[in-house]
Amino acid sequence: MEQGSQVPHVIIFPLPALGPVNSTLKLAELLSLAGLNITFLNTDFNHDRLVLHSNILDRFASFPGFQFKTISDGLPADHPRAGDRFMELFDSFKLVTKPLFREMLCSGQLNSVTGDSVTCIIADGILSFPIDVGHELGIPVISIRTISACSFWAFFSIQDIIEAGELPSRGHEDMDRLITSVPGMETFLRLRDLPSICRTNNLEDPNLQHNAYANRQSVQAQGLILNTFEDLEGPILSHIRSQCPKVYTLGPLHTFLKFRLESENALLQSLAPNSIYKVDKSCIEWLNAQPLKSVIYVSFGSITILTRDELMEFWYGLVNSKKRFLWVIRPDLVTQKDDEGQIPMELLEGTKDIGYIVGWAPQEEVLAHQAVGGFLTHSGWNSTLESIVAGVPMICWSYFYDQQVNSRFVSEVWKLGMDMKDVCDRVIIEKMVNDLMGEKSEVFMKSTVEMARLASESVSEGGSSYCNFNRLIEDIRLMSMTAIK
Ligand code: UDP
């Protein structure tokens with residue numbers, strides 16, 4: 001291992017949402033295990049919640065070269081950051097966080113625990129400003145995207161879709177139109193499967209414009225890290241490589257880290273998931289009492305919000321399916337709180353017999369539990385990867401952003417489940433749950449078991465993600481030597 005200033009000092013700057021923070025923390029732990037000095041730059045808002053609800057500080061205490069630093073996301077503490085309001089962060093980042101980041105780098109506030117300056121920045125590619133700042137200050141930057149390769153490629157192609165005249169959308173009746181200008185997806189991608197920001201009839205829409213621009217910017221960095229694996233997304237990755245030759249696929253990161261810790265005999269308790277909500281572990285006891293593969297796990301991640309009507313449709317669909325279910329209802333999942341307390345008696349009675357509801361679950365543990373046989377998900381990329389690793393088939397009800405693309409790939413390309421996007425109807429939910437947990441389970445079982453095998457192979461010694469990680473470390477060392485000079 002290098003000594004003193006020869007040790008690369010990498011600053012990691014994630015997108016401030018739970019999924020991206022979680023997967024970049026896993027990368028931070030892997031890089032720390034490889035002996036690099038790491039500064040993890042989190043927004044004040046997310047850091048405070050992580051510290052409150054997880055063992056995050058203890059978990060990294062064993063790495064002497066690791067430190068957390070925080071930065072303002074530019075919004076007041078009580079400003080909502082879920083649902084549609086999430087996109088407001090991008091304006092405040094530009095105004096507040098970008099100049100702050102530059103100042104922190106220049107003033108030495110982000111120097112390593114040993115006092116060394118930053119020799120490499122790994123930043124979420126959608127926050128394009130760290131690339132600008134890195135270029136300005138002569139610090140190499142590697143982008144990380146914590147979305148799937150297929151959704152990244154769809155975002156990347158937005159400009160081409162517009163130029164081909166396939167956007168804007170002409171409204172609801174237009175949603176099944178085939179989009180033919182995304183290379184590799186010509187035969188199955190419909191308008192409804194494009195990233196949700198494309199659902200506008202205004203080509204000047206700021207969200208559309210920002211994403212079309214920022215996703216192209218990702219490849220201005222010296223490399224691109226993706227939390228995926230070659231056997232899952234090889235054909236799409238070859239399209240991405242035509243634009244960005246240095247792509248490091250390191251996924252599934254959560255499995256990679258687990259394997260690394262096991263092989264180093266490190267404490268597995270350090271794997272306790274990071275959370276911005278209080279984890280309710282009582283659901284594991286409940287699962288312990290359920291038969292093999294009898295439970296459908298229902299969770300919509302950390303940002304999705306439901307209307308009260310949608311909540312009711314899901315609830316009736318689940319109860320009417322008569323399948324056992326474990327459902328995560330976050331404290332801020334549902335809008336229109338004023339109707340609370342008026343849950344129909346039949347639902348409460350129906351749930352008592354077959355359902356269990358928690359505010360936040362230990363998801364990886366839940367998906368790995370033998371009682372779980374299906375996952376009704378919003379198709380967030382971390383949830384999708386966690387389900388793939390656990391070999392659990394999915395019903396996808398995508399909410400926004402990259403999830404529309406993921407759910408199409410789950411059903412049409414990987415054959416790992418069914419896509420229910422844009423429909424929230426109790427009869428359909430009931431039918432899909434019954435199909436997934438009943439007559440179609442055999443069909444999906446074959447593909448889910450095989451993909452789970454390939455996922456674990458990719459992070460094992462000699463696997464594609466394993467080798468790419470070693471290549472990344474080498475490249476960071478080389479870049480850092482140039483930066484130090
Ligand atoms: N998660 C969890 N418990 C829950 C629900 C979600 O630990 O009750 C975790 C899940 O394991 C995943 C993350 O939250 O790692 C959600 O990330 P994803 O990318 O799926 O969705 P997002 O929250 O970004 O929409």
Side-chain angles (χ1 to χ4, degrees), residues 14-27 29 46 49-50 53-56 81-87 89 124 126 144-148 150-152 195-196 226-228 251-258 271-284 286-287 295-306 325-333 356-369 372 375-390 392 394-407 409-410 417 421:
L15 182 72
L18 181 66
V21 169
N22 250 344
S23 35
T24 37
L25 276 169
K26 280 164 182 143
L27 177 65
E29 198 161 345
N46 274 333
R49 293 174 84 191
L50 269 177
H53 295 304
S54 75
N55 66 348
I56 192 80
R81 288 159 172 85
D84 287 346
R85 307 293 300 267
F86 184 77
M87 297 309 286
L89 277 170
D124 196 301
I126 196 71
I144 179 166
R145 297 309 308 274
T146 56
I147 55 178
S148 57
C150 58
S151 63
F152 173 71
S196 61
L226 290 171
N227 184 12
T228 188
L253 277 166
H254 71 287
T255 316
F256 195 174
L257 178 60
K258 183 166 169 255
L271 269 179
N274 310 303
S275 186
I276 51 176
Y277 296 98
K278 192 170 183 325
V279 178
D280 184 346
K281 289 202 91 167
S282 67
C283 56
I284 299 294
W286 182 80
L287 283 175
V295 175
I296 180 149
Y297 170 59
V298 186
S299 165
F300 302 112
S302 63
I303 304 175
T304 302
I305 44 182
L306 301 183
F325 63 91
L326 167 61
W327 191 359
V328 176
I329 302 189
R330 290 189 333 260
D332 58 351
L333 178 70
Y356 198 78
I357 294 173
V358 290
W360 193 251
Q363 182 164 303
E364 283 177 42
E365 201 178 337
V366 165
L367 285 169
H369 198 286
V372 172
F375 184 12
L376 171 47
T377 170
H378 70 309
S379 295
W381 187 235
N382 290 290
S383 296
T384 306
L385 277 178
E386 289 160 14
S387 202
I388 287 174
V389 167
V392 174
M394 290 165 260
I395 297 174
C396 305
W397 190 73
S398 47
Y399 175 65
F400 85 152
Y401 205 61
D402 57 322
Q403 298 154 11
Q404 274 76 9
V405 190
N406 298 340
S407 57
F409 270 71
V410 165
K421 70 161 65 83

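As the structure lists them, so they are numbered: ligands from 1, and atoms in each ligand from 1. Every value quoted in this text rests on a predicted model; they were computed, and no experiment measured them. For the numbers below, each heavy atom of this structure counts, side chains included, while hydrogens, waters and symmetry mates do not. Note that the numbering runs from 1 along the sequence shown for the chain.
Contacts between His378 and ligand 1, counted as non-hydrogen atom pairs separated by less than 4.0 Å, involve the side chain only. At a heavy-atom cutoff of 4.0 Å, ligand 1 is contacted by the side chain of Tyr297 but not by its backbone. Counting heavy atoms closer than 4.0 Å to ligand 1, residue Trp381 contributes backbone atoms (N, CA, C, O) but none from C-beta onward. Counting heavy atoms closer than 4.0 Å to ligand 1, residue Ala361 contributes atoms from both its backbone and its side chain. When non-hydrogen atoms are compared, ligand 1 lies under 4.0 Å from the side chain of Leu18 (C-beta onward) but not from its backbone.
Of the polar atoms of Glu364, none of the N or O atoms is found under 3.5 Å from an N or O of ligand 1, judged by distance alone. In terms of N/O distances under 3.5 Å, ligand 1 is approached by Ser302.
Counting the atoms of ligand 1 from 1 in the order shown, those under 4.0 Å from a heavy atom of Val328 are 8 (O). Less than 4.0 angstrom separates some heavy atom of Gly380 from each of these atoms of ligand 1: 18 (P), 19 (O), 20 (O), 21 (O). Near Gly19, with a cut-off below 4.0 Å to any heavy atom, the atoms of ligand 1 are 17 (O), 24 (O). Shown in contact with Ser383 at under 4.0 Å from a heavy atom are these atoms of ligand 1, numbered in order with element: 18 (P), 20 (O). Proximity to Gly301 (heavy-atom distance under 4.0 Å) selects the following atoms of ligand 1: 23 (O).
For the atom pair CD1 (Ile144) and OG1 (Thr24), the distance works out to 6.0 Å, reported to the nearest 0.5 Å.
Ala17 and Asn46 get closest at one heavy-atom pair: N-ND2, 3.8 Å. A pairwise comparison of heavy atoms in Asn227 and Gly251 identifies OD1-CA, 3.3 Å as the closest pair.
At a threshold of 4.5 Å between non-hydrogen side-chain atoms, the residues Leu50 and Leu25 count as touching. At least one side-chain heavy atom of Pro362 sits under 4.5 Å from a side-chain heavy atom of Ile284.
A side chain to side chain contact (heavy atoms under 4.5 Å, CB included) with Trp327 is found for one member of Leu376, Val358, Val298 and no other, namely Val298. Shown are Phe375, Phe400, Trp397, Trp360; of these, the ring pair (Phe, Tyr, Trp, His ring centres under 6.0 Å) with Phe300 is made only by Trp397. Paired with Trp381 under the rule side chain to side chain contact (heavy atoms under 4.5 Å, CB included), one option of Leu226, Val405, Thr228 passes, and it is Thr228.
The closest heavy-atom contact to atom 19 (O) of ligand 1, among the options Thr377, Val279, Asn382, comes from Asn382.
No heavy atom of Phe400 sits closer than 4.0 Å to any atom of ligand 1. At least one heavy atom of Glu386 sits closer than 4.0 Å to an atom of ligand 1. Proximity of Ser299 to ligand 1 is established by a heavy-atom distance of less than 4.0 Å.
A salt bridge does not link Lys26 with Glu386: every distance from a Lys NZ or Arg NE/NH1/NH2 to an Asp or Glu carboxylate oxygen is 4.0 Å or more.
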Do Ser282 and Tyr356 pass the side chain to side chain donor-acceptor pair (under 3.5 Å) test, and can you show the C-alpha distance, the side-chain angles, and the key distance before you say yes or no? CA-CA 10 Å; Ser282 67; Tyr356 198 78; 2.7 Å; yes
